[in-house]
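The structure under discussion appears below in the form of structure tokens.
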Amino acid sequence: MKTRDDKIDLLRGDITKLDVDAIVNAANTSLLGGGGVDGAIHRAAGPKLLEECRSLGGCQPGQAKITRGYNLPVPFVIHTVGPVWSGGNRGEAEALANCYRNSLRLAAEKEIKTIAFPAISCGAYRYPIAEAAQIALRTARDFLSASDQIDKVIFVLITGEIFSVYKQLLLRAG
Ligand code: APR
């Protein structure tokens, strides 16, 4: 029986290169693309991704919506909108946890078995990295303890700094 942490992996790199069942996009409420990982995913997927996103009618912070992956190696992209950090007293932690929880729920619904997340809100949305990583890992662990529908959750960190924050937290939790 795999423990919940056997089902969690960390990877340093570009999430658009991964060949898993779904990658998660750190989008904005319009779902019409942007910079950062959103820009990288749209560039790699091609214009059909934007076309499908236009039909989704946007996305609220903490919610998650799914599209196909088009020119990406993955069949699906799950788009979620992280909170913009504004000091920590505006429900940011709960909204960020909802991004991970709702993306995992949606993946399970679609019988997706392997899913990769970027560090949601840790770029343009300025969420403090250690707190965001803690929420990401805790929410994934809680989901994986309660359900065996997902086989692998991979956190893909593009910078060494963020990778080492996640690694420390994962090792510490043991
Ligand atoms: N692969 C993996 N991670 C990436 C990649 C990539 N190709 N590109 C960027 N990242 C990392 C960033 O370094 C950061 O750690 O993803 C994390 C999230 O940063 P952003 O992409 O800026 O996302 P976020 O902070 O959630 O801000 C979202 O930015 O791009 C716009 O349209 C987006 O308005 C939305 C906002």
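For this chain, numbers begin at 1 and follow the sequence in order. Indexing begins at 1, ligand by ligand and atom by atom, following the structure's order.
Salt-bridge formation is detected for the pair Lys152/Asp9: a Lys NZ or Arg NE/NH1/NH2 atom is positioned less than 4.0 Å from an Asp or Glu carboxylate oxygen. In this structure, Glu94 pairs ionically with Arg101, as a charged nitrogen and a carboxylate oxygen lie closer than 4.0 Å.
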Between the protein and ligand 1, which nitrogen or oxygen pairs come in under 3.5 Å, and how far apart is each?
unit_1	atom_1	unit_2	atom_2	d
ligand 1	1 (N)	Ile15	N	3.0
ligand 1	7 (N)	Asp14	OD1	2.9
ligand 1	19 (O)	Gly123	N	3.4
ligand 1	21 (O)	Val37	N	2.8
ligand 1	22 (O)	Ala124	N	2.9
ligand 1	25 (O)	Gly123	N	2.8
ligand 1	25 (O)	Ala124	N	3.1
ligand 1	25 (O)	Tyr125	N	3.1
ligand 1	26 (O)	Ser121	N	2.9
ligand 1	30 (O)	Gly35	N	2.9
ligand 1	30 (O)	Gly35	O	2.8
ligand 1	32 (O)	Asn28	ND2	2.8
ligand 1	32 (O)	Asp38	OD2	2.7
ligand 1	34 (O)	Asn28	ND2	3.4
ligand 1	34 (O)	Tyr125	OH	3.1

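Distance CZ/Arg54 to CG/Leu50: 4.0 Å, rounded to 0.5 Å.
The shortest distance between side-chain heavy atoms of Ile115 and Ile154 does not fall below 4.5 Å.
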Q: Verify side-chain contact (heavy atoms from CB on, under 4.5 Å) between Ser103 and Phe117, making sure each step is shown before the conclusion.
A: CA-CA 9 Å; Ser103 297; Phe117 287 96; 3.6 Å; yes
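When hydrophobic clusters are built by joining Ile, Leu, Val, Met, Phe, Trp and Tyr residues whose side-chain heavy atoms come closer than 4.5 Å, directly or via intermediates, Leu10 is grouped together with Tyr100.
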